[in-house]
Engineer: 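Would you mind keeping the following structure in view while I ask a few things?
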Amino acid sequence: MDTTRSLFLPPQGSTVASDVDALFGFIIWVSLFFFLVVTVATVYFSIKYKRKSGKGETTLYLESMALEITWTVIPTILLMIIFVWGFQDFIRLHIVPANSMEIKVTGQKWFWSFNYAEGATGVGELTVPVNQPVKLLMSSKDVIHSFFVPAFRIKMDVLPNRYTITWFEANMTGEFEIYCTEFCGKGHSEMWGTVKVLPKDEFTKWLEAGSGPGEGESMKEYGARMFVKNACNTCHSIDGSQNVGPTFQGLFGRREVMSDGTSITVDENYIRESILSPMAKQVTGYDPVMPTYQGILKDVDIDGLIAYIKSLEN
Ligand code: CUA
């Protein structure tokens, strides 16, 4: 495990990171070397051969075979080194190891969610074991997003209507940032998340624990945690201020006018329906941008959110 941290790059948190950095470093230093050679030569020759009063003209060179060969062969060799080196890393980044654990990744405006084969889910937080290859099977519910973990040196577009795949093996525990690197609307800059890399036994415990309130945690407190964890706070305020969606302050029991002109009183069933089928009954005056949480939130999570919303009185 290499824990040295470079001045410009994030920690090398995955098995491919040091190789990606090595090639990146090679390209940077080669480029810098030739940049200096060209710049210094240009300045030197500009001064040395500056035209002075028509006298002392330099010899006219029409062609030089030696020069032509030199500046063809050296760049060709350098580019071939970069190509072969890069191609090997490219292949490695694209062939998923057979013993990988698979996690389904969903991108949508504007958060990431993660589904595990064992039934666990995560929103905005991807929990994985250390020293274990992880395959990410990714798709989007709306527009193109891009899944980027700088510390792992992986980045892959996430598209609607088709799957893309990437993989990584974390080689150190800790928390690393996830970014969306495809402009996907006004919440794009907030579409970040965290990869939490745990020791294997802790990860197994996490997987088994699943969801539901922790010990001594009330449903209201659990709901408050879910409110942040599931990024509801990106669009809904709890202090009455206007946002992408209606505020949750005083929401429970409020009489709301729907986009079709009918009105309803917000109760448990309306909240549940709005979380799972947001387009069914929409409050008038808001854009239809609420994503469905079908398959992401469990019943216990929705119960918690309802308890939390109930507690947010005017
Ligand atoms: Cu999703 Cu930018």
Side-chain angles (χ1 to χ4, degrees), residues 9-11 13 103-116 120-128 136-160 164 166 168 174-197 211 221-249 251 271 274-279 282-283 285-298 301-302 304-305 308-309 312:
L9 296 173
I103 300 173
K104 176 77 184 63
V105 178
T106 306
Q108 58 186 301
K109 295 189 221 173
W110 285 283
F111 60 90
W112 299 103
S113 57
F114 308 97
N115 288 75
Y116 296 74
T121 57
V123 173
E125 195 171 272
L126 170 62
T127 308
V128 295
L136 301 178
L137 182 64
M138 310 196 286
S139 64
S140 164
K141 280 198 178 163
D142 36 51
V143 298
I144 302 178
H145 303 275
S146 182
F147 186 86
F148 180 35
V149 184
F152 295 170
R153 311 293 191 271
I154 57 163
K155 185 194 276 182
M156 181 57 74
D157 275 8
V158 179
L159 312 167
T164 50
T166 190
F168 65 85
E175 295 194 3
F176 307 98
E177 289 127 349
I178 302 169
Y179 293 106
C180 176
T181 46
E182 190 73 61
F183 182 66
C184 54
K186 73 179 189 185
H188 163 70
S189 61
E190 284 167 39
M191 193 171 165
W192 45 265
T194 311
V195 189
K196 213 171 177 178
V197 183
S211 52
E221 287 160 348
Y222 178 61
R225 192 152 62 81
M226 290 299 106
F227 175 71
V228 176
K229 185 181 169 228
N230 294 292
C232 313
N233 55 347
T234 316
C235 299
H236 300 279
S237 79
I238 54 167
D239 59 3
S241 60
Q242 276 294 326
N243 205 330
V244 176
T247 181
F248 281 178
Q249 188 188 48
L251 178 67
I271 295 175
S274 297
I275 292 172
L276 299 177
S277 315
M279 298 305 137
Q282 289 177 66
V283 178
Y286 293 97
D287 292 333
V289 293
M290 163 90 183
T292 172
Y293 279 83
Q294 191 92 51
I296 297 172
L297 293 184
K298 295 195 175 67
D301 304 330
I302 296 172
L305 282 167
Y308 177 58
I309 291 169
L312 299 167

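Keep in mind it's a predicted model, so treat the numbers as computed, not measured.
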Engineer: Sequence neighbours left out, what passes salt bridge (charged side-chain N to carboxylate O under 4.0 Å, His left out) with E177? Give chain and number order.
Structural biologist: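 So E177 forms no salt bridge (charged side-chain N to carboxylate O under 4.0 Å, His left out) with any residue.
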Engineer: Using residues 147-157 as the side-chain source, report each donor-acceptor pair under 3.5 Å to any protein atom, sequence neighbours left out, with the distance given to one decimal.
Structural biologist:
residue: R153; atom: NE; partner: D21; partner atom: OD1; Å: 2.7
residue: R153; atom: NH1; partner: P11; partner atom: O; Å: 3.3
residue: R153; atom: NH1; partner: P150; partner atom: O; Å: 2.7
residue: R153; atom: NH1; partner: A151; partner atom: O; Å: 3.4
residue: R153; atom: NH2; partner: P10; partner atom: O; Å: 2.9
residue: R153; atom: NH2; partner: D21; partner atom: OD1; Å: 3.4
residue: R153; atom: NH2; partner: D21; partner atom: OD2; Å: 2.7
residue: D157; atom: OD1; partner: S146; partner atom: OG; Å: 3.3

Engineer: Considering all heavy atoms of both residues, which atom of K298 and which atom of T121 are nearest to each other, and what is their separation?
Structural biologist: NZ-OG1, 4.1 Å
Engineer: Tell me the salt bridge (charged side-chain N to carboxylate O under 4.0 Å, His left out) pairs involving residues 225-235, sequence neighbours left out?
Structural biologist: E217-R225
Engineer: Please identify each residue that fulfils ring pair (Phe, Tyr, Trp, His ring centres under 6.0 Å) with Y293, with sequence neighbours left out.
Structural biologist: F111
Engineer: Please check if the side chain of T247 supplies one atom and the backbone of Q249 the other of a donor-acceptor pair under 3.5 Å.
Structural biologist: yes
Engineer: In the structure I gave you, are the side-chain heavy atoms of V128 and V195 within less than 4.5 Å of one another anywhere?
Structural biologist: yes
Engineer: Does a sphere of radius 6.0 Å around NZ in K141 hold more than 12 heavy atoms from other residues, nucleotides or ligands, not counting ones at 6.0 Å or beyond?
Structural biologist: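 It does: K141 NZ has more than 12 such atoms within range.
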Engineer: When you measure from the side chain of T292 to the backbone of L276, do you find a donor-acceptor pair of N or O atoms at a distance under 3.5 Å?
Structural biologist: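 Checking the backbone N and O of L276 against the side chain of T292, a donor-acceptor pair under 3.5 Å is found.
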Engineer: State, yes or no, whether a side-chain contact exists between L305 and L297 at a heavy-atom distance under 4.5 Å.
Structural biologist: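 Yes, side chains in contact.
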Engineer: Checking F248 now: which residues fulfil ring pair (Phe, Tyr, Trp, His ring centres under 6.0 Å) with it, not counting sequence neighbours?
Structural biologist: F227, H236
Engineer: For S241, does its backbone N or O pair with a side-chain atom of D239 as donor and acceptor, under 3.5 Å?
Structural biologist: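 Pair found, side chain donor or acceptor close to backbone of S241.
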Engineer: For the residue pair E182 and H145, what are the closest heavy atoms and their distance?
Structural biologist: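 Smallest interatomic distance, heavy atoms only, reads CB-C, 3.7 Å.
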Engineer: Flag the pair S113 / V123 as yes when at least one side-chain heavy-atom distance between them is below 4.5 Å, and no otherwise.
Structural biologist: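 They are in contact (side-chain heavy atoms under 4.5 Å apart), so the answer is yes.
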Engineer: Determine whether more than 12 heavy atoms belonging to other residues, nucleotides or ligands lie under 6.0 Å from atom OH of Y286.
Structural biologist: yes
Engineer: Can you name the residues that form a ring pair (Phe, Tyr, Trp, His ring centres under 6.0 Å) with F183, not counting sequence neighbours?
Structural biologist: H188
Engineer: Count the heavy atoms of every other residue, nucleotide or ligand shown that sit under 6.0 Å from NZ of K104, and state whether that count exceeds 12.
Structural biologist: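 Count over threshold, so yes.
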